[in-house]
Structure formats: C-alpha cells, structure tokens
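Report on one structure; see the data block that follows.
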Amino acid sequence: MKKLFMLCCASLLAACSSHTPPSQASLEGEVFYLQRIALPPAATLSVELQDVSLMDAPAVTLARQAGPVKGNVPLPFHLTYDPAQVKPGHRYAVSARIELNGKLLFINTEHHGVALDGSDPQPVRVKVDPVR
C-alpha cells in the first residue's frame, strides 16, 4: 500500500511539473551584412530583444548579448529571456549593432519584429548596414 501511495504521489508531481510554464525562453539568430569586408579583430557585437510597444517612450530591453565578434558573418547570437515579461498585445523586436572602440560601424536599419509565441522562425536573421 505504501508503494502504491508513493507511486501515485510521484505521478501527480510529474503531471504538475509538466504543466508549469518555462522560467526561461530563448531566441536564436544571426547577424549579417552584405559588404564583402572582414571586421577588425577588436569589433564587438551587441544584440537586444526589446519591447517596442510605446512610441513615446524608450524601448524596454528583455535580453541582451554583447561581446567580441568571433569569426565572420553570419554572427550567431543567443538571447535568453523571461517569458513572464512578454505581455499580450505588445510588440517586440531584435536590434543589433557592431562597434569598434565605441564607434558604431554597423546597425540594423529595418525593423526585425518577433512574436515570441513560438512561431518565430529560428534562426532570426538580422541584417545590419554600415554607418557612414
């Protein structure tokens, strides 16, 4: 009887844990540009996932990845965010920039919207353009 009780408790715990929402979600992607040039070894890439819902307020950053550029384009990124921060009816976008010693070299000039509901194609491809 004790074994049956333990088995039932284990089954209940497994069923409950499978229905809890994940505490973290992620977005995989890559940043690319069309110019046929290599980036300097000291260049840095920063990618952000932002809530861009409000037109008259700064975007709210949900996730950010920044660091030295490793290799050639496309440059991979991985953003981990809390799905509890995703609000129904809000708009979300990915932005990217490449800098060298604080000077902006490339930035995305097009809106890269994401739904964050599992329907986004992964990897998310973000094109950046040179800054003149």
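FYI, the numbering just counts along the sequence from 1.
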Subject >> Connected via hydrophobic side-chain network under 4.5 Å: Leu105 and Val47 >> reply: yes

Subject >> Distance-only polar pair, side chains of Asp129 and Thr109, donor-acceptor under 3.5 Å >> reply: yes

With a 4.5 Å limit on heavy-atom distance, are the side chains of [X] and [Y] in contact?
X	Y	value
Leu54	His90	no
Val128	Ile98	yes
Leu27	Gln122	yes
Leu34	Lys127	yes

**OP:** Apply side-chain contact (heavy atoms from CB on, under 4.5 Å) to the pair Thr44 and Leu100, showing each step before the final yes or no.
**Re:** CA-CA 6 Å; Thr44 59; Leu100 178 63; over 6 Å; no

Original post:
What's the verdict on side-chain contact (heavy atoms from CB on, under 4.5 Å) for Leu49 and Val114, showing C-alpha distance, side-chain angles and the deciding distance?
Top reply: CA-CA 9 Å; Leu49 172 62; Val114 288; 3.7 Å; yes

Original post:
Looking only at atom types and distance, does a side-chain atom of Asn108 sit under 3.5 Å from a main-chain N or O of Ser95, one as donor and one as acceptor?
Top reply: no

Original post:
Between the main-chain N or O of Glu48 and the side-chain N or O of Arg64, is there a donor-acceptor pair closer than 3.5 Å?
Top reply: no

Original post:
If you draw the axis of the six-membered ring of Phe32, does the NZ or CZ of Arg125 fall within 45° of it and under 6.0 Å from the ring centre?
Top reply: yes

For the student: nearest non-hydrogen atoms of [X] and [Y], plus distance:
X	Y	value
Val86	Tyr92	CA-OH, 3.4 Å
Leu45	Pro76	CD2-O, 4.4 Å
His111	Val52	CE1-CG2, 4.1 Å
Asp82	Ser23	OD1-O, 3.6 Å

**OP:** Under the side-chain contact (heavy atoms from CB on, under 4.5 Å) rule, what do Ser46 and Glu99 come out as? Steps first, then yes or no, please.
**Re:** CA-CA 8 Å; Ser46 93; Glu99 297 179 349; 5.9 Å; no

Original post:
Could you walk me through whether Val31 and Phe106 pass the side-chain contact (heavy atoms from CB on, under 4.5 Å) check?
Top reply: CA-CA 10 Å; Val31 174; Phe106 291 87; over 6 Å; no

**OP:** Would you give the length of the straight line joining atom CG of Asp51 to atom NZ of Lys87, rounded to the nearest 0.5 angstrom?
**Re:** 6.5 Å

Original post:
Could you give the distance from OG1 (Thr61) to CD (Gln50), rounded to the nearest 0.5 Å?
Top reply: 4.5 Å

